[in-house]
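Protein chains get the first letters and strands the later ones, always in sequence-line order, with residue 1 at the start of each. In this text, all values refer to a predicted model and were calculated from it rather than measured experimentally.
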There are 2 protein chains.
Amino acid sequence: MRADARRNVEGIRRAALDVFRAGGLTTPLDEVARAAGVSKGTIYHRFGSRTGLIDAVVEELVAERIAGIIEAVDALDGPLLRFEEYLLRTWLLQFDEPAANDVLMRVLPDSEPLTTLFDRACHFGGRLLHEAQAAGVVRADITPDDLAYLILERGVIVRACDQQTRDDYRRRLDFVLRGLRAVRK
Amino acid sequence: MRADARRNVEGIRRAALDVFRAGGLTTPLDEVARAAGVSKGTIYHRFGSRTGLIDAVVEELVAERIAGIIEAVDALDGPLLRFEEYLLRTWLLQFDEPAANDVLMRVLPDSEPLTTLFDRACHFGGRLLHEAQAAGVVRADITPDDLAYLILERGVIVRACDQQTRDDYRRRLDFVLRGLRAVRK
DNA sequence: TAACTTCTTGACTATGCAGTCAAGTAACGT
DNA sequence: ACGTTACTTGACTGCATAGTCAAGAAGTTA
């Protein structure tokens, strides 16, 4: 690979990290090209497709955030707290990081790296749900699908309602969490 | 107005009712034109703009549905039941009728007829919220804005997640309603 | 430095929708 | 039946984005 090509690949990667971080994985490639100081054609040349580029950066972009949540929540005590903190932190991540939101919304269902990240979060959430239900602290009729849906929903909302403040968003999450708890006898 | 023009206006109105009923107010005008058997230009000629056409049909398309909810809910007893039935029926209306959903989502914020319909629903909901909070049966920290948001959210979700079954959608609404109730002492 | 190969470019196609307008068509009045 | 005027048409512009490719630029090697 020629020197200029190597330079460009790196530049594009870095630009993609910046641009996708700010605007999510659906940002037009022209913006990445502009940020990298190359033409769109070069990106296609080097990464094959839009998805190719995303695959090449999404891990670095998002993995740490999801791992951070899993780690932090794993350190907490109590099945209800753990379950609710998992959801809360995930929902806030969706608000804060468009790219993470895109992963959690399965914007590119065919991308392996994206699927891996998504599954990691889902699997962990499923475990917490199971434990919380076993302890009788969240409603028994919530399914793992419902859980995925609760996250997908929030993603859709975050995307569409980008004028709401983080505080309002955060406050309203409490309503949702409350609805998932088991009814006190 | 010439006879053919009058005929066309009526044809377009009727086509718009059909098409918007099925696909919501954001359906491309070409589809309305095709359904009416005229060209797109004729629609613009007769109704001035996309919004003009929508204004001309939205009342007939949606008013009855919203009035129906208000009437039915008004006949119920108990502040909690009334509040929850209002939300539930509104949310189901959003699922069943894309056009009603567009109204409730304020897809065209500048259209008077749309605003009128929206305000009617909002005002009624606000009253129910107030009564329910006065009776201590729903959380006191829910604002009228939150209520509008709960409806907007659902609208966004319905639009984006069109593959979910009505039954699943319905079942999940219970989670949300549950989260709005006052905490039992 | 010249030949050779790799690489980059940006104009191009394609898609989908909003909205416009010159030119053609058809209803109406006399 | 013919002129006038209202009306309709559909091709056109404009916009935004994905993806392609022939031609020109530039790194590499001898």
Side-chain angles (χ1 to χ4, degrees), chain A residues 1-16 18-20 22-58 98-99 102 105-111 114 159-160 162, chain B residues 1-16 18-20 22-58 98-99 102 105-111 114 159-160 162:
Chain A
M1 196 184 260
R2 240 167 60 178
D4 53 347
R6 241 178 297 123
R7 229 182 306 126
N8 278 335
V9 168
E10 247 325 287
I12 292 168
R13 265 186 54 87
R14 232 172 297 154
D18 286 354
V19 169
F20 288 156
L25 304 179
T26 55
T27 312
L29 282 203
D30 303 69
E31 277 188 46
V32 177
R34 195 151 26 78
V38 301
S39 101
K40 193 174 33 162
T42 304
I43 296 182
Y44 280 96
H45 237 285
R46 295 285 141 221
F47 295 89
S49 66
R50 179 187 184 70
T51 306
L53 175 60
I54 290 172
D55 285 355
V57 298
V58 72
D102 290 335
M105 288 180 67
R106 317 262 7 233
V107 165
L108 286 91
D110 301 329
S111 155
L114 246 100
R159 277 186 157 202
D162 50 358
Chain B
M1 195 183 261
R2 242 167 59 177
D4 54 346
R6 237 177 300 123
R7 228 182 307 125
N8 278 334
V9 168
E10 247 325 287
I12 292 168
R13 264 186 54 86
R14 231 171 298 154
D18 286 353
V19 170
F20 288 156
L25 304 179
T26 54
T27 312
L29 282 202
D30 303 67
E31 277 189 44
V32 177
R34 195 151 27 79
V38 301
S39 101
K40 192 172 36 160
T42 304
I43 296 181
Y44 279 95
H45 236 285
R46 295 286 139 221
F47 295 90
S49 66
R50 182 187 181 72
T51 307
L53 174 61
I54 290 172
D55 285 356
V57 298
V58 72
D102 290 335
M105 286 180 68
R106 318 262 5 235
V107 165
L108 286 91
D110 300 332
S111 155
L114 246 99
R159 278 186 158 202
D162 49 358

K.L.:
In the structure I gave you, are the side-chain heavy atoms of A:Val32 and A:Thr27 within less than 4.5 Å of one another anywhere?
P.N.:
no
K.L.:
Calculate, to the nearest 0.5 Å, the distance between atoms CD1 and CG belonging to A:Ile54 and A:Leu108 respectively.
P.N.:
4.5 Å
K.L.:
Could you list by number each residue of residues 3-10 of chain A showing a heavy-atom separation from DNA chain C of less than 4.0 Å, or answer none if no residue does?
P.N.:
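Residues of residues 3-10 of chain A under 4.0 Å from DNA chain C: A:Asp4, A:Ala5, A:Asn8.
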K.L.:
Between the protein and nucleotides 14-18 of chain C, list every N/O to N/O distance that falls short of 3.5 Å.
P.N.:
| residue | atom | partner | partner atom | Å |
| --- | --- | --- | --- | --- |
| C:dA18 | OP1 | B:Arg50 | NH1 | 2.8 |
| C:dA18 | OP2 | B:Leu29 | N | 3.4 |

K.L.:
Less than 4.5 Å apart, side chain to side chain, heavy atoms only: is that true for B:Tyr44 and B:Leu29?
P.N.:
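A side-chain contact under 4.5 Å exists here.
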K.L.:
How close do B:Gly23 and B:Pro98 get, heavy atom to heavy atom, and via which atoms?
P.N.:
C-CB, 3.9 Å
K.L.:
May I ask you to evaluate whether A:Thr42 reaches the phosphate of C:dT9, defined as a side-chain N or O under 4.0 Å from OP1 or OP2?
P.N.:
yes
K.L.:
So does B:Glu10 pair up with B:Arg14, basic N to acidic O under 4.0 Å?
P.N.:
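B:Arg14 and B:Glu10: salt-bridged.
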K.L.:
Do B:Thr26 and B:Arg159 have side chains that get closer than 4.5 Å, going by heavy atoms?
P.N.:
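When only atoms from C-beta onward are counted, B:Arg159 and B:Thr26 do touch, with a gap below 4.5 Å.
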K.L.:
Look at the side chain of A:Arg2 and the backbone N and O of A:Ala5, then say whether any donor-acceptor pair between them is shorter than 3.5 Å.
P.N.:
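No, A:Arg2 side chain to A:Ala5 backbone: no donor-acceptor pair under 3.5 Å.
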K.L.:
Do A:Met1 and A:Arg46 have side chains that get closer than 4.5 Å, going by heavy atoms?
P.N.:
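SC-SC contact between A:Met1 and A:Arg46 confirmed.
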K.L.:
Distance check needed: C:dC7 P versus A:Phe47 CZ, whole Å only.
P.N.:
13 Å
K.L.:
Do B:Phe20 and B:Asp102 have side chains that approach each other closer than 4.5 Å (heavy atoms only, starting at C-beta)?
P.N.:
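They are not in side-chain contact.
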K.L.:
Taking heavy atoms of chain A and a 4.0 Å limit, find me the 5'-most and 3'-most nucleotide of DNA chain D within that range.
P.N.:
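Result: D:dT17 to D:dT28.
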K.L.:
Working to the nearest 0.5 angstrom, can you tell me the gap between A:Ile43 CD1 and A:Asn8 CG?
P.N.:
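Between atom CD1 of A:Ile43 and atom CG of A:Asn8 there are 10.0 Å.
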K.L.:
Counting only N and O atoms by type, is there a donor-acceptor contact under 3.5 Å from the side chain of A:Arg50 to the main-chain atoms of A:Leu25?
P.N.:
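Here the side-chain-to-backbone pair exists.
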K.L.:
Answer yes or no: does a side-chain N or O of A:Arg46 lie under 4.0 Å from OP1 or OP2 of C:dC7?
P.N.:
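Yes, within the criterion.
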K.L.:
Here's a test of your reading of the structure: between B:Thr51 and B:Met1, which maps to the more 5' nucleotide of DNA chain C?
P.N.:
B:Thr51
K.L.:
Rounded to whole Å, how long is the line connecting atom NE2 of B:His45 with atom P of C:dA26?
P.N.:
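One finds 16 Å between P of C:dA26 and NE2 of B:His45, rounded.
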